[in-house]
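Read the numbers this way: they start at 1 and go in the same order the structure lists the ligands and their atoms. For reference, positions follow the sequence shown, starting with 1.
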Amino acid sequence: MEAISYERASDVAGAIRSAQQPGTAFIGGGTNLLDLMKGGVARPVRLVDITHIRGLDSVDALPNGGLRIGALVRNSDAANHATVRSRYPLLTQALLAGASAQLRNMATVGGNLMQRTRCNYFYDPAFARCNKREPGSGCAAIDGHTRMHAILGASPQCIAVNPSDMSVALAALDAVVRVNGPHGERTIAFGDFHRLPGDRPDLDTTLRPGELITSVDLPPPLYSDHAYYLKVRDRASYAFALVSVAAALQMDRGTIRSARIALGGVAHRPWRANEAEQMLAGHALNDANLQAAAAAALRDARPQRDNAFKIQLAQRSIVRALKEAAQQPGGVA
Ligand code: SF4
């Protein structure tokens, strides 16, 4: 048994100070970290409980018309917040597609951003090779079972995917992550928050040592009326995505004024389909245009041995999600 010390932080500054000691981990809802600790994958020597820090558990309007969601807001509270439901329905849909009701009641927004891949080889230390768990050890997945793994942005060091549904919606919505750390506050554009694996798959994010997420800021809502989160998975609930699509549109009758498309289940981070978005802007919403955009989104896909099916699945999911988004009445009832 390994000794772990526990400390309860009462404010952000205290939490950051405590995190200066090597081997410290912040704990919020703990829904992922405790699993990792029980499995011997994460081995912090010190836990700093951040759940009693005041001011990080509220949802507040921003002066620019956007919305600030505190890092300690529970996933279920974020999903069901009246403003999120009416102005950011894509986020509500994505949150409610994730995990189970019990987990959503515990898990925090900040923790959701930090959850780690569900690659089976990462979770089982019986597999010695995992560059994410033990840098330099190799990758057991690459010549293993790869049905759930990446088709975009992978590297020879790691082919894992990010498991978060919430993050796919936040990528499409151009959210900003606010963090505080030993060198002060800063903001990180959502597209820069999660990393591709490259030659450092042990690093999931661009957070610096000792930094604490304090909120996720949403820009003014431009996609309240036409948004849809489609998650394709092996069973109807409590399963990670094979492929997911966060689709949002601004429509002018039958013409797409602008489009936002992000994919989940395909890469080490939520995958924004920028080229597809540009192809759709200013064009009619019809099958030919949607299919051309979907093909562009997957042009660079490189499947693993067991998951070539994800390419067509993702293309079809993009088309369907965009059609559903166009038909949405706005908000979540
Ligand atoms: Fe580890 Fe990544 Fe390989 Fe999975 S895919 S075994 S997480 S290095």
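- Considering every non-hydrogen atom in both Val245 and Leu263, the closest pair reads CG2-CD2, 3.7 Å.
- Taking every non-hydrogen atom of Ile159 and a distance limit under 4.0 Å, the qualifying atoms of ligand 1 come out as 5 (S).
- Among the atoms of Cys119, an N, O or S atom falls under 2.8 Å of atom 4 (Fe) of ligand 1.
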Point to revise | Check against side-chain hydrogen bond (donor to acceptor under 3.5 Å, both in side chains), Thr214 and Asn180 | key: CA-CA 7 Å; Thr214 54; Asn180 205 330; over 6 Å; no

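- Annotation: Arg186, atom CZ; neighbour count of heavy atoms from other residues, nucleotides and ligands within 6.0 Å is above 12.
- The contact set between ligand 1 and Phe122, taken as ligand atoms under 4.0 Å from a residue heavy atom, comprises 7 (S).
- Asn105 and Gln102 are not linked by any side-chain donor-acceptor pair at a separation below 3.5 angstrom, with hydrogens and angles left out of the test.
- Taking 2.8 Å as the threshold, Cys139 does not count as a candidate ligand of atom 2 (Fe) of ligand 1, since none of its N, O or S atoms lies below it.
- Distance from atom 2 (Fe) of ligand 1 to its nearest protein heavy atom, with residue and atom name: Cys158 SG, 2.4 Å.
- Applying side chain to side chain donor-acceptor pair (under 3.5 Å) to Lys132 and the options Asp204, Asp202, Thr117 leaves one that passes, Asp204.
- Scanning the protein heavy atoms around atom 1 (Fe) of ligand 1, the nearest turns out to be Cys130 SG, 2.3 Å.
- In this structure, Gln157 counts as a contact residue of ligand 1, since one of its heavy atoms falls inside 4.0 Å of the ligand.
- Nearest to atom 6 (S) of ligand 1 among the protein's heavy atoms is Tyr121 CB, 3.5 Å.
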Practice item. Decide salt bridge (Lys or Arg N to Asp or Glu O under 4.0 Å) for Asp174 and Arg272; before the verdict, give the C-alpha distance in whole Å, the side-chain angles of both, and the deciding distance to 0.1 Å. Key: CA-CA 10 Å; Asp174 287 322; Arg272 187 77 178 262; 2.8 Å; yes

Exercise for review: Apply side-chain hydrogen bond (donor to acceptor under 3.5 Å, both in side chains) to the pair Thr92 and Tyr229, showing each step before the final yes or no.
Suggested key: CA-CA 9 Å; Thr92 291; Tyr229 186 72; over 6 Å; no

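- Each of the atoms 7 (S), 8 (S) of ligand 1 lies under 4.0 Å from some heavy atom of Lys132.
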